[in-house]
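Heads up, the thing below is written out as structure tokens.
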Amino acid sequence: MNVAPSPAGRPEHPREVPLIVADDRAGLLKAREALGIGAGASVGGSALALVPTMGALHEGHRSLIRLARQRAAHVAVSVFVNPLQFGPNEDFSRYPRTFDADLEVCAAEGVDLVFAPSVEDMYLPDRQVGVSAGRMGSIVEGEFRPGHLDGMLTVVLKLFNLVQPDVAVFGQKDAQQLAMIRRMVADLNLPVSVVGAPTVREPDGLALSSRNRYLSPEDRVAALALSRALHAGAGQRTPAEIRRDALAVLAAEPSLAVDYLVLVDPATFTEVGDGHTGEAVLAVAARVGSTRLIDNVTLTLH
Ligand code: AMP
């Protein structure tokens, strides 16, 4: 277990250290002990980085793991499809579950610990208390997925409490999720440093997502309109022009059902007006067939 960290803070031979898989809270405590967290190596003072996921891991998740390895001596990945963040008519039961392949990805990326609890282990049957995402939880994604951001924050807070990471890495792909987690960390004084990671895309622009595997070949062609629309908007100067050009691309793809296309402040997710300068997030959500996809880009307005 005691592999000396390299100057960059990584174990020299990560695969000489077996990947520990904890499938409940007791296993997690043992794993933290086995890794010597609290007493062992740190990178810039960080012993443990957490990458929370719902599994079905792809290159986007891999990029988060690599970033996590630069930020802490040990990396934990959680794999948990969180029922609280799915609405009654959403895809909880058919969400892809590929645990064996996920473990292979984690092993290949030098992950130290995978935490994959059951729903029963995470939630008491008489659970009462959760996190409220506040007003910010009812706009943009929250308007179309009521309760989603509350459920997401609740599980992230639980994962922080259980895994006790110094650092947690999240993708910019879920921009409102990342903004809300930063908000929760600030509002509740959580001792975790949040790191955002850029969106990984296919060569043709489609943002990687576990849900892309639902897309038929025709759906996949239609789905490309999301990144094309963001790109078209990004070429413009004023908020009105940005929205106009992005919407025109979406409108030209009849098999897309658009939930929203917004240009928002990156921290608050409120729409920016015409006088806005600085960063803004152009975010889109649309359904292609029965699959709902989201994407965004960050722009700088002068
Ligand atoms: P998920 O498993 O979809 O809940 O995602 C787990 C984490 O991976 C979240 O922080 C996501 O934002 C991030 N993620 C998902 N897709 C991508 C992507 N294409 N590029 C970078 N990060 C991503």
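Within the 4.5 Å cutoff, the side chain of D23 has no heavy atoms near those of the L28 side chain. Contact check for Q164 versus L48: no side-chain heavy atoms found under the 4.5 Å cut-off. Contact annotation: the side chain of E271 never approaches that of V140 to less than 4.5 Å [non-hydrogen atoms, C-beta and beyond]. Taking 4.5 Å as the limit, every side-chain heavy atom of V169 sits out of range of all side-chain heavy atoms of L50. By the 4.5 Å heavy-atom criterion applied to side chains, L224 and D204 are counted as neighbours. Considering only heavy atoms from C-beta on, V21 stays 4.5 Å or farther from F115 through its side chain. A 4.5 Å side-chain heavy-atom check between L206 and R220 finds at least one atom pair inside the cut-off. L57 is listed as a side-chain neighbour of C106, based on a closest heavy-atom distance under 4.5 Å.
Hydrophobic clustering of Ile, Leu, Val, Met, Phe, Trp and Tyr side chains at less than 4.5 Å, counting indirect connections, keeps Y214 apart from L208. A single hydrophobic cluster is seen to contain both L84 and F170, as judged by linkage of ILVMFWY side chains at heavy-atom distances under 4.5 Å, directly or through other members. Note on L149: it clusters hydrophobically with V194, by side-chain heavy-atom contacts below 4.5 Å among ILVMFWY residues. In the hydrophobic cluster analysis, where Ile, Leu, Val, Met, Phe, Trp and Tyr join through side-chain heavy atoms closer than 4.5 angstrom, V119 is grouped together with L159. Cluster annotation: L29 is not connected to I37 through the hydrophobic network of ILVMFWY side chains, with a link wherever side-chain heavy atoms come within less than 4.5 Å.
Atom CZ in F160 sits 5.5 Å away from atom CE in M184 (nearest 0.5 Å). One finds the CD1 atom of I242 at 7.0 Å from the CG atom of L282 (value rounded to the nearest 0.5 Å). Note that NE2 of H58 and CG of N212 are 7.5 Å apart. Values are rounded to the nearest 0.5 Å. The distance from atom CD of Q177 to atom NE2 of H148, rounded to the nearest 0.5 Å, is 6.0 Å. Note that CG of L113 and CG of L35 are 6.0 Å apart. Values are rounded to the nearest 0.5 Å. A distance of 6.5 Å separates CG of L250 from CG of L226, quoted to the nearest 0.5 Å.
Between the side chain of D219 and the main chain of S216, a donor-acceptor pair closer than 3.5 Å is present. Remark: the backbone N or O of E141 is paired with a side-chain donor or acceptor of Q176 at under 3.5 angstrom. Side chain of N296 to backbone of K173: a donor-acceptor contact under 3.5 angstrom is found. The closest donor-acceptor contact from the side chain of T98 to the backbone of A101 lies at 3.5 Å or more, if one exists at all. No donor-acceptor distance shorter than 3.5 angstrom exists from the side chain of E109 to the backbone of A107, with no hydrogens or angles considered. A donor-acceptor pair under 3.5 Å is absent between the side-chain atoms of D24 and the main chain of P117, judged by distance alone. In this structure a side-chain-to-backbone donor-acceptor pair under 3.5 Å is missing from R211 to T291. Judged by distance alone, with hydrogens and angles left aside, the side-chain atoms of S255 form no donor-acceptor pair with the main-chain N or O of A222 at under 3.5 Å.
Here the rule is side chain to side chain contact (heavy atoms under 4.5 Å, CB included) with L299, and of L263, L230, V281 only L263 fits it. Among the candidates L190, I181, V185, the single residue satisfying the side chain to side chain contact (heavy atoms under 4.5 Å, CB included) test with L157 is L190.
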Just do the side-chain contact (heavy atoms from CB on, under 4.5 Å) check on H302 and T300 with the steps written out, would you?
-> CA-CA 7 Å; H302 298 288; T300 304; 4.0 Å; yes
Apply the test side-chain contact (heavy atoms from CB on, under 4.5 Å) to residues V195 and L67: give CA-CA distance (whole Å), side-chain angles for both, the deciding distance (0.1 Å), then the verdict.
-> CA-CA 9 Å; V195 174; L67 197 54; 3.8 Å; yes
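In this structure, a donor-acceptor pair under 3.5 Å is absent between the side chains of T238 and Q236.
Nearest heavy-atom pair across S210 and P96 is O-CG, 3.7 Å. Scanning both residues, D112 and V75, for their nearest heavy atoms gives OD2-N, 2.7 Å. Between V79 and G55, the closest heavy-atom pair is CG1-CA, 3.8 Å. When all heavy atoms are compared, the tightest approach of L103 to L19 is O-CD2, 3.7 Å. For the residue pair S42 and A47, the shortest heavy atom distance occurs at CB-N, 4.0 Å. Shown here for P266 and A179, the closest heavy-atom pair between the two residues is O-CB, 3.5 Å.
When the shell of 6.0 Å around CZ of R244 is examined, it contains more than 12 heavy atoms from other residues, nucleotides or ligands. For H276, the NE2 atom sits in a packed shell: over 12 heavy atoms of surrounding residues, nucleotides or ligands are nearer than 6.0 Å.
Y123 carries R127 over the face of its six-membered ring, with the cationic atom under 6.0 Å from the centre and within 45° of the normal. Both the sub-6.0 Å distance and the 45° axial angle are not jointly satisfied by R135 relative to the ring of F269. At least one cation-pi condition fails for R145 and Y260: the charged atom is not both under 6.0 angstrom from the six-membered ring centre and inside a 45 degree cone around its axis.
Here R71 does not pair with D166 in a salt bridge; the nearest charged N to carboxylate O distance is not below 4.0 Å. Between R292 and D259 there is a salt bridge, with a side-chain nitrogen of the basic residue lying less than 4.0 Å from a carboxylate oxygen of the acidic one. Salt bridge status for D102 with R97: absent, with no side-chain N to carboxylate O gap under 4.0 Å.
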